[in-house]
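Just so it is clear, the model here is predicted, and its values are computed rather than measured. We count ligands from 1, going down the list as the structure has it; atoms in each ligand are counted the same way.
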Amino acid sequence: MDIERFVNDMTLDEKLELIVGPGLPGQFGNEDVEVKGTVGVIRGVKGLPDINLADGPAGLRIPPERPGDDYKYYTTSFPIASMLASTWNRKILRKVGEAMGEETKEYGVDVLLAPALNIQRNPLGGRNFEYYSEDPVVSGEMAASFVEGVQSKGVGTSIKHFVANNQETNRMKIDTKVSERTLREIYLKGFEIALKAEPWTVMTAYNKLNGYYCSQNEYLINKILKEEWGFDGLVMSDWFAGDSGARQIKAGNDLIMPGKSYQVFENRIDEREEIKKGLEEGILTEEDIDKAVRNLLKLIIKTPKYNNYNYSNKPNLKEHAKIACNAALEGIVVLKNEGIFPVKDKKVALFGTAQIETIKGGLGSGDTHPKYVINIIEGFEEKNIKFDEELYEIYKNKVEEMRKEEYKPYQNHLGYTLYPRLPQNIIDNISHYAENNDVAIIVISRISGEFFDIDIKDFYLYDDEIKLIEEVSKEFKKRNKKVGVLLNIGSPIEMASWEKLVDGSMLIWQAGQETGRAVADIVKGNISPSGKLALSIAKKYEDLPSLPFPAKGDEVVYDEGIYVGYRYFDTFKKEPLYEFGYGLSYTDFEYSNLKVEKQEDKLLISYDIKNIGNNPGKEISQVYVRAPRGKIDKPFQELKGFEKTKLLNPDEVETINITINIKDLSSYCCNDWMLEKGIYEIRVGASSRDIRLIEKISIE
Ligand code: GLC
């Protein structure tokens, strides 16, 4: 296509038809689309095809059923992004991306609205499950690998939500006040790293950033994203974001999604009319519109739709299930283990309703609709973990009964199906199960979703959960038997107050459709856990620097600045319960032979990792850098690189090579990146607080 000529031949109305979406497909009288679940359409003008956009980070979100069609459009439900990040494995993110890309393409969708890489600023963030980490390097690296995977299949992605959208409360209006340095080093950095994968699109966030809606923020879009970083893809708004189509186009937000916001918000007018008015008032020029049109045309000609790809509606779901399971296996994080995991051939008394009502993921646009979910007890059955059948039968019957009555699922005002939490005090006579089994495992679950932040009540265990843990712990300890807890959650909860009652705790996250299989393989010991935390777990909520959360009213000030997560705990000497980068294995690793070499503008770092334990396993090692004290304050240390070994057998050694760009050691201040000269400590660790090797290097 000769884009220039195409643009010149377009009327203003045709251009507006392209850059403003046709409204939520199939709703409010808008034309339906061929692919159900498509949440946005770029309307084809002048013979161009319609381009379809659909969510989301844990899988392609389209409903399996379509009216009058008995074919089932199932998609794979992958582990949530927080769990994918806990693999610290770029290869896994790429594989998951490839699988999701194939499903996107084979179901006739052109752009997958993922990955979401906002920073997890506080454990009550409603969409934390959709995000990767508290750290920008992990976030950016995971996002880049995922984007490469998806786009290797010829469909697009959308790195979102650009930027500093870290709470759901009042998300469409709240003004995030954040310093330039904090913005650059923490909230923008992940997106900057992710650009190396050349995502087709960026989705601007709902919130305001220092006074201006992100989707209307010229400094954010035209200056930083396009001019400074050289992003030449497409920028789209989040759905119904902002308050002025004219200012969005002027700011460099090329596509207004889903369009026709007046259908949902009565104080809005048709964006096309707004833009025409903006032209008259000089808010923007036709050249601004042409820039947006060019970016849209550049995207359209890349899409399968434009290239007449004949999609099959038959992605390889069997293959993708294996990829989802492998991702879950590598994302499980063992936090505490005093002789309970793996259970091997011991007989397990499995407590907790979530053994049946296992949570596969979160709610909202990051939800998925898989063909099945293997819950925890089904996984135990399949992997031949011996468990107390009588106890299971009681749970099964009680859950079925309760789900019929007072605890049945309901639709909330947004049409999402919510599941009331089931009570945990439904089992009597625990001593009987302590007699008949070797160990006890208790499953605790939490669910959260888009549109609402997590209630502080959910951060703590409920009385019935505490009672269950106390009862089980008492009866099993009396008989010198071990107790473990599985955390089926999407964001950290309070653990310090009750964890001393148990011998082990395992963070199994929300692992998608293959949950039970992956959990059982790790619990039984078929596979060694290799996941590590990509966030910090605080001892108590009051220790967090991001309080009060969520901010009420129309403004939130990020006054903790760059001191987010481990940057806060390590610099201000606060002890977390479990630190960033932490996770146990069923084997042990020895680090040795650290070499740091300066080569022009890079640091070449190499070290050896040896499996000195008795089981095969994979090790995630991290490279932190402690900069010299200079003109400005600095975090105690910052993550600058990481790698995961292949599966190492006992006595096997792998040499890790990591390259760091020296410029990435600088801090942002006085409107530019500044590199302090002096002695830098290169700190190689099994976690941020388990540093195994240190070398010093001088940088002038
Ligand atoms: C939602 C979300 C965004 C999603 C979009 C389409 O409100 O913020 O992540 O991709 O709208 O569903």
Peer 1: From T157 OG1 over to W200 CH2, what is the distance, rounded to the nearest 0.5 angstrom?
Peer 2: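 Nearest 0.5 Å value for the OG1-CH2 distance: 8.5 Å.
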Peer 1: When you compare the side chains of Q216 and S244, does any donor N or O come within less than 3.5 Å of an acceptor on the partner?
Peer 2: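 No.
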Peer 1: Of the backbone atoms (N, CA, C, O) and the side-chain heavy atoms from C-beta on, which set of R171 has a member under 4.0 Å from an atom of ligand 1: side chain, backbone, both, or neither?
Peer 2: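 The answer is the side chain.
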Peer 1: Both conditions, 6.0 Å and 45 degrees, for the charged tip of K105 above the ring of Y309: are they met here?
Peer 2: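 Cation-pi check for K105 and Y309: passes.
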Peer 1: When you measure from atom 6 (C) of ligand 1 to every protein heavy atom, which one gives the shortest distance, and what is it?
Peer 2: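 Heavy-atom neighbour on the protein nearest atom 6 (C) of ligand 1: D55 OD2, 3.5 Å.
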Peer 1: Given that the side chain starts at C-beta and the backbone is N, CA, C, O, which of these parts of R127 lies under 4.0 Å from ligand 1, counting heavy atoms, or is it both or neither?
Peer 2: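 For R127, only side-chain atoms sit under 4.0 Å from ligand 1.
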Peer 1: Among all the protein's non-hydrogen atoms, which is closest to atom 9 (O) of ligand 1, and how far away is it?
Peer 2: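 Result: H161 NE2, 2.7 Å.
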Peer 1: Considering only heavy atoms, does E450 approach ligand 1 within less than 4.0 Å through its side chain, its backbone, both, or neither?
Peer 2: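 Under 4.0 Å from ligand 1, E450 contributes side-chain atoms alone.
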Peer 1: Looking at CG of D254 and OG1 of T201, how far apart are the two atoms once the value is rounded to the nearest 0.5 Å?
Peer 2: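 If we round to the nearest 0.5 Å, D254:CG and T201:OG1 are 10.0 Å apart.
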Peer 1: If you look only at pairs with a residue in residues 203-241, which of them pass as a ring-ring contact (aromatic ring centres under 6.0 Å, His included), with sequence neighbours excluded?
Peer 2: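 Passing the test, one end in residues 203-241: F240-F265.
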Peer 1: Which ligand 1 atoms are under 4.0 Å away from a heavy-atom of V39?
Peer 2: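 Those of ligand 1 that fall under 4.0 Å from V39 are 6 (C), 12 (O).
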Peer 1: Output the list of atoms in ligand 1 that are nearer than 4.0 Å to some heavy atom of M203, sorted by atom number.
Peer 2: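 Within the 4.0 Å cut-off of M203, ligand 1 contributes 10 (O).
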Peer 1: Please determine whether any non-hydrogen atom of Y206 lies less than 4.0 Å from an atom of ligand 1.
Peer 2: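 True for this residue.
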Peer 1: Considering only heavy atoms of K160, which atoms of ligand 1 have at least one such atom less than 4.0 Å away?
Peer 2: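 The atoms of ligand 1 under 4.0 Å from a heavy atom of K160 are 3 (C), 4 (C), 9 (O), 10 (O).
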Peer 1: When you check the side-chain N and O atoms of N170 and D554, is any donor under 3.5 Å from an acceptor?
Peer 2: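 Yes - a donor-acceptor pair under 3.5 Å links their side chains.
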Peer 1: Where is the nearest protein heavy atom to atom 3 (C) of ligand 1: which residue, which atom, and how far?
Peer 2: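 So the nearest neighbour among protein heavy atoms is D238 OD1, 3.4 Å.
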Peer 1: How long is the straight-line distance from CZ of R66 back to OH of Y73, given to the nearest 0.5 Å?
Peer 2: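 These two atoms lie 4.5 Å from each other.
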